[in-house]
Amino acid sequence: MSELKLYNTLGRNIQNFQSQIPKKVGMYVCGPTVYGPPHLGHVRGPIVFDVLRRFLKYQGYKVRFVRNITDVGHLVGDADEGEDKLQKQAKIEQLEPMEVAQSYTDQYNWAMDQLNVQRPSIEPKASGHIIEQIEMIQTIMDKGFAYEVNGSVYFDVMAYSIEHKYGELSGRNTDDLIAGAGNESRSLEGQDEKKSPNDFALWKRATPEHIMQWTSPWGKGYPGWHIECSAMSAKYLGESFDIHGGGMDLLFPHHECEIAQSKTAHNHQLARYWVHHNMITINGQKMAKSLNNGIKVTELFEGNHSLLSRGFGPKTLRFFVLQAHYRGTLDFSEEALIASEKGMKRLESAIGIIKNLKVSDESTIEIGDVKSAIFDALNDDLNTPIVIAQLFELAKRIQIVNDGKEKINSVIRDEIGQLMNEVYNDILGMPITSNESSNNNLDEIMSLVTDIRTSAKNEKNYALSDLIRDRLRAAGITLMDSKEGTTWKID
RNA sequence: GGUCGGAUGGCCGAGCGGCUAGGCAGAGGUCUGCAAAACCUUCUACACCGGUUCGAAUCCGGUUCCGACCUCCA
C-alpha cells in the first residue's frame, strides 16, 4: 500500500505524511464558536477531519483528536461595535452567557452525532483554560514579543518579523497587510493602541458591562482571538504536533497568529501539517453567519427552509460532502443533494444484496483493482470522490453477479463484503443500515399483508391489490414486485 | 488596493500531457396486470485567444468572468 500524502498549506504542496511519534498522531481542529445553532457551514470540516481520523486509525495509528469549543466570545463586526458575541446573545435571550454557550455546544454535538462524526478525544473549552492562556501570554511578553497598553496585551509582529516570517502560512507579507488595512474604513476598537496595524490582541481589557471577564496580571479582561488554540493544543498535544486542521477562512489571521504565538512561546513549530478544507457555497457564495445565508442543520434535516422542498437525512449530507474533494468548494443546492441521496441509496442497495449473492465454485470477477484504487485515492490527499466512484464500480460488479452474468465464489463475495464494510462504514463513516428488520412482529404482519395481496393479484383483483399498495405507501412502506415475489421497505 | 484560489456536459463533481472518472437528471430497453423499484445500454464537456508539444481539459502567456481572505466566521 502506498503512503498517505496530504496537501500541506505550509509549503503549499503535497507531502508524505509521517507522524512525529511512530503510530501515534496528534491532531487539532478548530471547533465552533458557540454563539448560534449549527448550520451547513459547520458541517464540512468535522466530516472531513473525521474521515482523516478514521483513515489514520484504520492504518493502525492511535489518534488523539482535539477539537475546541470557543465559548469566550470574540469581538463582532461593525454592527455590533465591540460587544462580546456571547454577551449579546445573552441579553437577547435573558440567559446566563454560559447557559447560552452550553445550549449551543449541545446542539453542535447533537448535530455531530447525527452526522456520525466521532466525538473528539478531548474537547477543551476556552473558558476552562484562561490560566493556560494567561501563562502563555506572559511567556510571550517575557520574551519580548508582546506589550501591554491600558490593560490590553498585543503581539508585536514587528519584533517577531526580525527572526521569523509572519505570513509563512498564508503567503502574506506585512507591508501588504498594512497597505490593505488602511484601505477600507475599519475602526476596530483599540486600533490606535497598537504599535503596528499588524499587531493582534492576546488579551483584551474588559469594559465594566462585559460579563465574561477574568482577572489577569493586566487587569480584568478576556483572552484575544487566537491564543486559546495555541494554549490548548500545547496542553493536550504538546508544543509541536502532527496535524492542525481548520477551514480555509481561518488561514488568516487565525492560524497565522497561532503559529506566531506558539513559535515565540515554545521556540518551535506548532503543527507539521496544516490541512485546510474549503467552504460550502450556496449560489457560488460561501455560507456564513455574517452573510445571513446559512441553512441550519435542523432546517436541512426537517426541510424547513425556502431552498428545500423536503428534509434530507444526515447520512445524505455526509455523502454529499464526501462526494467532493475537501480542498475544493462545494456548491449546495437541493438538486445536488437529491443526486447524492439517490446515488447513496443505489450504492446501499447493492451493499444489501452482497450476502444473498449466489456463490459458485469459481469466480469470474476480481476486485483487486478496485481495492487498490480505493486505497490509492485515500492516500492521495484523501480523495474521497474517487473512493466513492470506486464503490459504485464495486456495486456494478455486485449487480452483474446478481443478474447471473458473472459468477462469484464465497471468498470473493466475503472480500467484497469486508471491503465495503471497511471503506464505506469504517473509513467514510457511512453507517450501513441493515435490511433486516429488528421488529419480528412487523415482519410477520408484512408477510401476511403481502400474501393477501399476492393472492388478490393472482385472482386479478387489482382493485384490492392496489388498495393495499396505496395504503401502505401512505403509511411509509413501499412494496416492490419482482419475479421472486414482493418485497417491502420502510422509507 | 493587496494576497490566494477557481472557471469541466442540464446539475453536483473527479481528472492535472495520450487510455477522455463517478453520481443525478434526460433518452432507449429488460421486468411488470399497472405502477414503483431495480438492472442494462446511451447522448450531451472541458470560459476565451495565442503558444509549447507528435499529442493539452491537463503545461506556458494573455483576456474575460467568479470566489475567498485582508474584520468574527467552518
Side-chain angles (χ1 to χ4, degrees), chain A residues 12 29-33 35-36 38-49 70 73-78 80 85 167 170-173 175-184 186-188 198 225 245-254 256 276-281 284-291 294 319-320 323-325 327-347 349-350 353 373 377 383-393 396 399-400 402-403 405 457 460-462 465-466 469-470 473 478-483 487 489:
Chain A
R12 296 188 187 262
V29 174
C30 291
T33 303
Y35 67 100
H39 63 85
L40 208 44
H42 288 283
V43 144
R44 173 120 98 149
I47 291 173
V48 165
F49 294 116
T70 299
H74 297 317
L75 292 175
V76 291
D78 9 74
D80 303 308
K85 270 178 195 165
S170 58
R172 288 158 210 269
N173 68 64
D175 293 341
D176 292 337
L177 288 166
I178 292 167
N183 197 35
E184 279 176 34
R186 54 179 75 99
S187 51
L188 284 176
N198 285 327
W225 309 342
M248 280 185 183
D249 53 348
L250 296 178
L251 222 160
F252 189 90
H254 186 56
E256 198 70 64
H276 289 97
H277 70 265
N278 218 135
M279 307 291 112
I280 289 179
T281 58
Q285 264 206 320
K286 81 159 179 170
M287 195 174 287
K289 173 106 181 158
S290 56
L291 295 174
F319 194 79
F320 172 69
Q323 267 191 309
H325 185 82
R327 278 196 292 116
T329 53
L330 171 58
D331 204 42
F332 175 86
S333 65
E334 179 165 52
E335 195 183 0
L337 217 60
I338 290 170
S340 286
E341 186 179 57
K342 287 195 177 172
M344 179 183 81
K345 283 187 175 167
R346 206 164 71 75
L347 188 58
S349 80
I353 64 176
N383 199 328
T384 55
I386 287 185
V387 174
I388 290 174
Q390 289 299 322
L391 293 181
F392 276 108
E393 173 59 34
K396 193 176 186 177
Q399 295 297 168
I400 288 169
N402 196 39
D403 286 356
K405 290 172 189 156
K457 277 172 65 180
K460 298 204 191 302
N461 185 354
Y462 297 125
S465 68
D466 288 353
R469 186 171 65 197
D470 293 345
R473 178 135 197 82
T478 304
L479 294 184
M480 293 164 292
D481 295 335
S482 70
K483 269 184 196 162
T487 54
K489 66 170 183 187

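Chain letters run A, B, ... following the sequence lines, proteins first and then strands; every chain starts at 1. This structure is a prediction, so every number in the text was calculated from the model and none was measured. The figures that follow rest on heavy atoms only: side chains count, while hydrogens, waters and symmetry mates do not.
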Of the candidates B:rG2, B:rG13, B:rC40, the side chain of A:Arg172 sits closest to B:rG2
Between [N] and [M], how far is it from one [atom1] atom to the other, in whole Å?
| N | M | atom1 | answer |
| --- | --- | --- | --- |
| B:rG51 | B:rA57 | P | 15 Å |
| B:rG10 | B:rC65 | P | 23 Å |
| B:rA7 | B:rC43 | C1' | 24 Å |
| B:rC59 | B:rA25 | C1' | 35 Å |
| B:rG2 | B:rU63 | P | 14 Å |

For a quick check, tell me whether the side chain of A:Asn461 and the base of B:rG33 share a donor-acceptor pair closer than 3.5 Å. no
Base of B:rA35 paired with side chain of A:Asp481 (donor-acceptor, under 3.5 Å): yes
I need the minimum non-hydrogen distance between A:His276 and A:Arg327, along with the two atoms involved.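 For A:His276 and A:Arg327, the tightest heavy-atom pair comes out as O-CG, 3.6 Å.
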For A:Ala336 and A:Phe320 the tightest heavy-atom approach is CB-CE1, 3.7 Å
For [X], which contact category applies under a 4.0 Å heavy-atom criterion: base, sugar-phosphate, or nothing?
| X | answer |
| --- | --- |
| A:Leu337 | nothing |
| A:Lys396 | sugar-phosphate |
| A:Lys342 | sugar-phosphate |
| A:Gly45 | nothing |
| A:Ala389 | base |
| A:Leu347 | nothing |
| A:His254 | nothing |
| A:Arg469 | base |
| A:Thr281 | nothing |
| A:Met279 | base |

Rounded to the Å, how far apart are [X] [atom1] and [N] [atom2]?
| X | N | atom1 | atom2 | value |
| --- | --- | --- | --- | --- |
| A:Met480 | B:rC39 | CE | P | 12 Å |
| A:Glu341 | B:rA25 | CD | C1' | 15 Å |
| A:Asn402 | B:rA38 | CG | C1' | 9 Å |
| A:Asn383 | B:rA14 | CG | C1' | 7 Å |

Under the 5.5 Å and 30° test, is A:Phe392 stacked on the base of B:rG23? no
Salt bridge A:Arg469-A:Asp466, side-chain N to carboxylate O under 4.0 Å: yes
Both A:Ser465 and A:Gly31 contact RNA chain B. Which one's nearest nucleotide lies toward the 5' end? A:Ser465
Please tell me which of A:Leu251 and A:Pro32 maps to the more 5' nucleotide of RNA chain B, matching each residue to the nucleotide holding its nearest heavy atom.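 Residue closer to the 5' terminus by nearest nucleotide: A:Leu251.
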